Amino acid sequence: ISSWFKTGGVTVRPADYDSGAFTSELFVNVTATADQEARFFARLESQVGKPYDWRAVLSFYSKRTGRDWQSPDAWFCSEHIGDGLVDCGLFPLHIASELSRLTPRDCWLRT
């Protein structure tokens, strides 16, 4: 479950949907309780069908987009994961709220 520009937003795809697209990948294991894991995946699943967040991607180049990464109307990949991490308690809301953007590196550093 992820948000990808080629599919127009949040969709469910096979785990190897991007196989061969990269020279290397980093998989991060996150320590979580069974409840946190269930909440994380339930949150991700609840967002299926939401559009891709083009405005947030543009905010990396211009701060004038006024886009809040936590707005639930659209997602790009790291926002979608970050939202799940906040929902299950693995990314403290007070830290997430201080960010105007959320990158893959932000998610990785928090986990």
Side-chain angles (χ1 to χ4, degrees):
I1 305 168
S2 67
S3 187
W4 196 32
F5 72 95
K6 288 186 178 182
T7 59
V10 181
T11 56
V12 178
R13 287 183 300 283
D16 64 348
Y17 76 95
D18 61 354
S19 181
F22 304 98
T23 56
S24 66
E25 292 181 277
L26 173 66
F27 292 90
V28 178
N29 291 317
V30 177
T31 303
T33 66
D35 180 59
Q36 286 173 317
E37 181 179 356
R39 285 184 60 152
F40 175 78
F41 285 109
R43 179 63 180 173
L44 265 56
E45 289 173 359
S46 76
Q47 301 303 298
V48 169
K50 298 277 180 94
Y52 188 75
D53 192 355
W54 288 103
R55 286 183 59 204
V57 173
L58 294 175
S59 78
F60 287 98
Y61 304 101
S62 171
K63 293 184 180 189
R64 293 186 292 190
T65 63
R67 176 71 182 157
D68 175 6
W69 81 265
Q70 295 181 77
S71 180
D73 58 333
W75 302 109
F76 74 89
C77 58
S78 54
E79 290 178 335
H80 186 223
I81 297 299
D83 178 64
L85 291 170
V86 167
D87 188 66
C88 74
L90 290 172
F91 196 133
L93 183 58
H94 73 280
I95 293 174
S97 295
E98 294 173 8
L99 301 173
S100 61
R101 298 175 222 152
L102 195 67
T103 67
R105 183 194 69 174
D106 297 328
C107 289
W108 176 71
L109 289 173
R110 182 58 211 133
T111 58

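All values reported here derive from a predicted model rather than from experimental measurement.
With contacts defined as side-chain heavy-atom distances shorter than 4.5 Å, the pair S2/R13 qualifies. In this structure the side chain of D87 never reaches within 4.5 angstrom of the side chain of F40, judged on heavy atoms. You'll find the side chain of I81 reaches within 4.5 Å of the side chain of L44, heavy atoms only.
What you find for S3 and P51 is that their closest heavy atoms are OG-O, 4.4 Å. Taking each heavy atom of V48 and I1 in turn, the nearest pair found is CG2-CG2, 4.2 Å. The shortest non-hydrogen separation linking A32 to L90 is CB-CD1, 3.8 Å.
Linking Ile, Leu, Val, Met, Phe, Trp and Tyr whenever their side-chain heavy atoms come within less than 4.5 Å leaves L26 and F22 in two separate clusters.
Each of E45, R39, Q47 was scored for a side-chain contact (heavy atoms from CB on, under 4.5 Å) with R43, with one residue passing: Q47. In summary, of the residues considered (W4, W75, F76), a side-chain contact (heavy atoms from CB on, under 4.5 Å) with V10 occurs for W75 alone.
Rounding to the nearest 0.5 Å places OH of Y52 at 6.0 Å from SG of C77.
Donor-acceptor pairing under 3.5 Å is lacking for the side chains of T33 and D35.
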